[in-house]
J.: 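One structure coming up, written as structure tokens, with questions to follow.
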Amino acid sequence: MREPFEGLPEGSLVLGIETSCDETAASVVRDGTEILSSVVSSQVDLHARYGGVVPEVASRAHTELLVPVTAQALVEAGVAGKDIAAVAATTGPGLVGALLVGVSAAKALALTWGVPFVSVNHLEAHLYAALLEEPDLEFPLVVLLVSGGHTMLVEMTDHGEYRLLGETLDDAAGEAFDKVARFLGLGYPGGPAIDTAALSGDPTAIRFPRAMIDDGLDFSFSGLKTAVVNHVRANPDAATEDVAASFQAAVVDVLVAKSRRAAVQSGAKALALGGGVAANTLLREQFLGGCADDRIQGFLPSRSMCTDNAAMIASAGWYRLQRLGPSSLDTGADPRDRLFQR
Ligand code: KG4
Ligand code: ZN
């Protein structure tokens with residue numbers, strides 16, 4: 001019989017593993033907040049020629065990359081398997097084949113090393129990127145989580161205590177970036193491509209719609225995508241950089257206005273960003289505007305913590321383990337795992 005779990009002692013190291021989409025990542029984090037290593041192997045080049053992530057190609061690449069990536073994370077941290085106190089892995093949401101590679105490896109390592117396995121929700125991990133780098137952020141904390149698959153405003157009242165304040169009614173912000181970039185011929189992944197093109201464009205060149213900007217905390221981006229397509233078809237000579245900059249400005253205006261509204265309405269003490277789109281240059285420039293006026297502590301995690309990585313998995317795993325104890329080794333991958341039941 002297993003001993004009842006009494007929490008990890010101070011100084012404990014968690015190995016995090018992330019394989020939910022197209023990054024193979026492993027990381028060693030001490031006490032949920034001190035990153036000893038964070039290795040991310042991106043498969044972008046493998047998927048670029050297809051214009052998006054091909055699930056079967058992703059699973060295969062994770063299988064090949066996970067062992068060397070994990071070994072590198074241990075070496076860079078200067079530790080060995082015997083020093084690891086728990087293994088955390090993303091169990092969902094994500095691509096099922098891709099998730100299975102990380103989940104199986106994490107459970108095998110936990111079993112071999114005789115340490116707890118802990119299942120982590122990928123969205124919860126994105127929320128923890130801010131707390132990982134700034135553990136003193138005060139609750140209630142509002143996080144704008146903007147990734148390729150999700151756009152949500154989440155209120156965190158304590159560790160593991162979340163309330164959904166608003167979410168997209170159609171496309172995620174990252175999805176809109178990726179679709180518009182593909183339409184403009186800027187390639188994949190679209191977010192960074194638009195970010196770069198926009199640097200030499202005029203954000204006021206075209207006035208694209210700011211859907212629902214004055215209305216509540218939900219988002220809608222599919223109309224904006226259509227507006228870009230219609231504009232370019234009607235104005236084939238429009239400079240791509242101007243279209244990219246004007247599109248980006250429309251997305252960012254809405255994200256910033258709603259985040260601020262969410263923070264003020266919920267009486268938040270802090271406001272932070274998470275998810276891949278949080279790496280966007282304009283969003284980062286504008287996100288904190290107004291926080292000081294509203295007496296809210298604003299925080300931008302570093303770009304490498306916003307995009308997919310395993311340090312955020314190890315951190316969220318550490319907090320989860322301390323609160324709820326280990327996950328069962330029967331836990332499988334859940335491609336549609338939800339952080340909220342609405
Ligand atoms: O969080 P993430 O790495 O993976 C998911 O969990 O989805 O987010 C990926 C998304 C993609 O849609 C990508 O185009 C977008 O984040 N992204 C960006 C930037 N970097 C990544 N979007 C806008 N500007 C960026 N600099
Ligand atoms: Zn992600």
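Count residues from 1 along the sequence. For ligands, and for the atoms within them, numbers begin at 1 and follow the listed sequence.
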J.: Using 2.8 Å as the cut-off, note every protein N, O or S atom close to the Zn ion (ligand 2).
T.: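 You should have found His122 NE2, His126 NE2, Asp308 OD1.
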J.: side-chain contact (heavy atoms from CB on, under 4.5 Å) with Asp337: which of Thr90, Leu99, Val120, Asn121?
T.: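 The residue from Thr90, Leu99, Val120, Asn121 that satisfies side-chain contact (heavy atoms from CB on, under 4.5 Å) with Asp337 turns out to be Asn121.
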J.: Run the salt-bridge test on Glu56 and Arg60 with the 4.0 Å N-O cut-off and return the result as yes or no.
T.: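 Yes.
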J.: Name the orientation class of the two ring planes belonging to His122 and His126 (parallel below 30°, tilted from 30 to 60°, perpendicular beyond 60°).
T.: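 The arrangement is perpendicular - the two ring planes meet at more than 60°.
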J.: Show your reasoning for whether side-chain hydrogen bond (donor to acceptor under 3.5 Å, both in side chains) applies to Glu23 and Thr307.
T.: CA-CA 9 Å; Glu23 328 277 356; Thr307 48; over 6 Å; no
J.: Please determine whether side-chain hydrogen bond (donor to acceptor under 3.5 Å, both in side chains) holds for the pair Gln43 and Ser41, giving the CA-CA distance in whole Å, both sets of side-chain angles, and the decisive distance to 0.1 Å.
T.: CA-CA 7 Å; Gln43 304 174 9; Ser41 173; over 6 Å; no
J.: I need the contact residues for ligand 1: any residue with a non-hydrogen atom closer than 4.0 Å to the ligand, ordered by chain then number.
T.: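 Around ligand 1, where the cutoff is 4.0 Å for heavy atoms, the contacting residues are His122, His126, Ser147, Gly148, Gly149, Gly174, Phe177, Asp178, Gly191, Pro192, Asp195, Gly275, Gly276, Val277, Ala279, Asn280, Thr307, Asp308.
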J.: Considering all heavy atoms of both residues, which atom of Tyr188 and which atom of Val53 are nearest to each other, and what is their separation?
T.: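 It is OH-CG2, 3.1 Å.
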J.: Answer yes or no: is there a donor N or O on one side and an acceptor on the other, between the side chain of Asn230 and the main chain of Ala227, under 3.5 Å?
T.: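 No, the answer is negative, given that no donor and acceptor are paired below the 3.5 Å cut-off.
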J.: Restricting to non-hydrogen atoms, name the atom on Ala173 and the atom on Val277 that form the minimum distance, rounded to 0.1 Å.
T.: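 That closest heavy-atom pairing would be C-CG2, 4.3 Å.
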J.: Are Leu8 and Val29 linked, directly or through other ILVMFWY residues, by side chains that come within less than 4.5 angstrom of each other?
T.: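 Different clusters: Leu8 never reaches Val29 through Ile, Leu, Val, Met, Phe, Trp or Tyr contacts under 4.5 Å.
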